[in-house]
Amino acid sequence: MSLKRFGDKVQKILDKNFHKIFNNSHFLYTIIFLVSSLLISLLSLIPNQIVGNLILFLATVLAITFILLMFEGLIPQLNKYLFGSEKKFDKWKLIFFIINFFISFFIILPYFLMGTSTNLTIQFLGWDVILPALFIVIYFGWNLGQIFFLRRGFDDISEKIDDRVIEKFGSSKKKESINIIFLILALIVPILIEFGTFFGFLPEYAPGGDRTLFIGCSLVILLLLIITSWRLITLYQRSRKNNSTTSFSSMFYILIWILLWFRSFSFFNALLNVTQASTTPDITSGLIDILLLVFTAIMVLRGLGQKVYDSFLFNSNNMPFFLFAFTVLYIEGQIIMITGAGTLTGIFANRNQINLVNNFLNIILIVIFYWWYSEHSLERKGFLIKKQFYPEEVAGILDDFKEFLVNNNALVPDKIGDEKMEEFLHLKNIEIEKPEPPEEKPEIETENNLVSDK
């Protein structure tokens with residue numbers, strides 16, 4: 001394979017997963033976004049509320065700039081100016097960005113000059129109250145919502161493992177043995193990694209109150225491990241009664257606990273830095289957190305992109321602008337809690353304290369999510385007896401029941417056909433998607449066809 005073909009292949013992969021942000025068509029915007037994010041991060045090193053207000057203003061202007069570009073990206077006539085792929089650094093792209101930046105600047109400037117909470121009847125609408133609160137909600141909301149997007153990737157991996165087991169062993173007893181092995185691995189792996197983490201951190205904590213606090217937090221993690229392990233075992237027993245044991249739930253559990261281990265590892269790291277009064281966040285934990293953020297962003301973009309490309313708001317070109325705007329607000333949400341902004345004083349002394357709270361909330365949410373989703377996913381896949389049915393499932397069951405009655409001569413199909421079934425479902429507020437009719441292939445002209453036409 002030539003170097004050019006290899007480069008083109010890598011570019012296609014990047015375009016697919018990162019929605020063209022590394023393509024020539026969007027590369028300039030990506031550079032502007034990265035430089036802006038770096039500038040905001042560097043300014044945040046100055047723990048001053050005036051600087052915090054400046055960062056808040058800059059982040060808001062940048063976010064609105066990208067939102068304006070997102071809407072302009074819906075206009076086909078502007079595509080050649082906004083998304084030209086011939087050059088990485090096109091003057092038209094820079095001109096459009098500068099114009100939108102100044103539009104955003106002059107939109108926000110009066111609000112910041114005259115829209116403080118003390119000047120408004122409804123104080124909550126002041127920029128110094130609503131914007132800091134909104135950005136903090138975005139920061140924690142994004143972090144806490146990661147699991148709902150990460151589960152897509154976890155589902156895919158777990159399904160592939162389960163499909164391989166079914167493909168290789170079918171419904172034989174050996175398949176049951178493989179599923180038991182996966183169950184045992186799922187129970188052992190989290191115990192090993194958590195105990196390894198415990199004994200790895202134990203010498204780092206000074207004897208006394210700090211070590212006691214660490215041991216107490218470790219016991220809470222152990223309790224969560226016991227609770228989730230019990231959940232996995234009971235679900236396996238229920239699927240066994242249903243004659244449908246699977247490796248899916250065990251593999252999914254392992255992936256969930258890898259995520260939980262990372263969160264607990266980051267929590268103990270932050271706790272160690274806080275108890276030792278360290279102002280420097282752990283670099284390793286930060287890098288892993290960034291990788292997790294990037295992976296989550298990919299899952300969000302891929303899942304969101306498949307749903308919104310045909311919508312009136314997004315297309316393949318303007319999607320990166322939405323990502324840039326959201327990420328700027330996410331970064332600002334973390335910075336505000338340290339520097340303070342508006343009427344909000346700094347809540348945390350440094351990022352270690354933010355990481356401590358963030359990871360604690362993530363651990364609790366992931367366990368709650370697993371408790372619900374572990375059963376929900378198995379029910380949807382038919383491994384457990386269902387406790388509830390969704391509208392499309394009800395429609396499918398009724399359709400199967402109608403076919404069963406027809407095959408047993410208990411129903412006259414001429415009287416109860418598809419139209420009557422659809423009418424009944426409509427009365428019950430159950431709508432089902434109709435399959436699209438297959439495209440008709442154009443008739444190929446042959447000599448016989450030409451002769452017959454003549």
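As the structure is a prediction and not an experimental result, all values here were calculated from the model.
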>> Go through it in stages, so that I can follow the logic: the residues are W257 and T228, the test is side chain to side chain donor-acceptor pair (under 3.5 Å), and I'd like the CA-CA distance, side-chain angles, deciding distance and then a yes or no.
In response: CA-CA 9 Å; W257 260 100; T228 53; 3.0 Å; yes
> Roughly how far apart are F182 CZ and L232 CG, rounded to 0.5 Å?
Replying inline: 12.5 Å
> What's the spacing between T327 OG1 and F322 CZ if we round to 0.5 Å?
Replying inline: 9.0 Å
>> Within this structure, what is the CG-CZ distance for the pair N23 and F83, rounded to the nearest 0.5 Å?
In response: 11.5 Å
> When you look at Y253 and S229, which way does the side chain to side chain donor-acceptor pair (under 3.5 Å) test go after all the steps?
Replying inline: CA-CA 9 Å; Y253 181 79; S229 297; 3.0 Å; yes
>> Using the rule side chain to side chain contact (heavy atoms under 4.5 Å, CB included), only one of L62, I67, L68 pairs with S104; which is it?
In response: L68
> In this structure, are over 12 heavy atoms from other groups packed under 6.0 Å from I122 atom CD1?
Replying inline: no
> For T197 and W261, does a side-chain donor sit closer than 3.5 Å to a side-chain acceptor?
Replying inline: yes
>> Test your reading of the model: is there a side-chain donor-acceptor pair from R211 to the backbone of Y205, 3.5 Å cut-off?
In response: yes
>> Working to the nearest 0.5 angstrom, can you tell me the gap between Y139 OH and Y330 OH?
In response: 4.5 Å
>> So for atom OH, which belongs to Y373, do other residues, nucleotides or ligands contribute more than 12 heavy atoms lying within a distance under 6.0 Å?
In response: yes
>> Rounded at 0.5 Å granularity, tell me how far CD1 in I180 sits from CG in L185.
In response: 12.0 Å
>> Donor-acceptor pair, distance only, cut-off 3.5 Å: does the side chain of T275 make one with the backbone of L272?
In response: yes
>> Does either side chain, that of N358 or that of N362, offer a donor lying less than 3.5 Å from an acceptor on the other one?
In response: yes
> Hey, are S85 and N24 close enough side-chain-wise for a donor-acceptor pair under 3.5 Å?
Replying inline: no
> Do S117 and D128 get their side chains close enough for a donor-acceptor pair, meaning under 3.5 Å?
Replying inline: yes
> Which value, rounded to the nearest 0.5 Å, describes the distance between L202 atom CG and F199 atom CZ?
Replying inline: 7.5 Å
> Among F66, F135, F33, W142, which residue meets the ring pair (Phe, Tyr, Trp, His ring centres under 6.0 Å) test with F326?
Replying inline: W142
> Between R164 and I161, is a side chain to side chain contact (heavy atoms under 4.5 Å, CB included) present by the stated rule, with each step listed?
Replying inline: CA-CA 5 Å; R164 288 290 299 272; I161 296 293; 5.8 Å; no
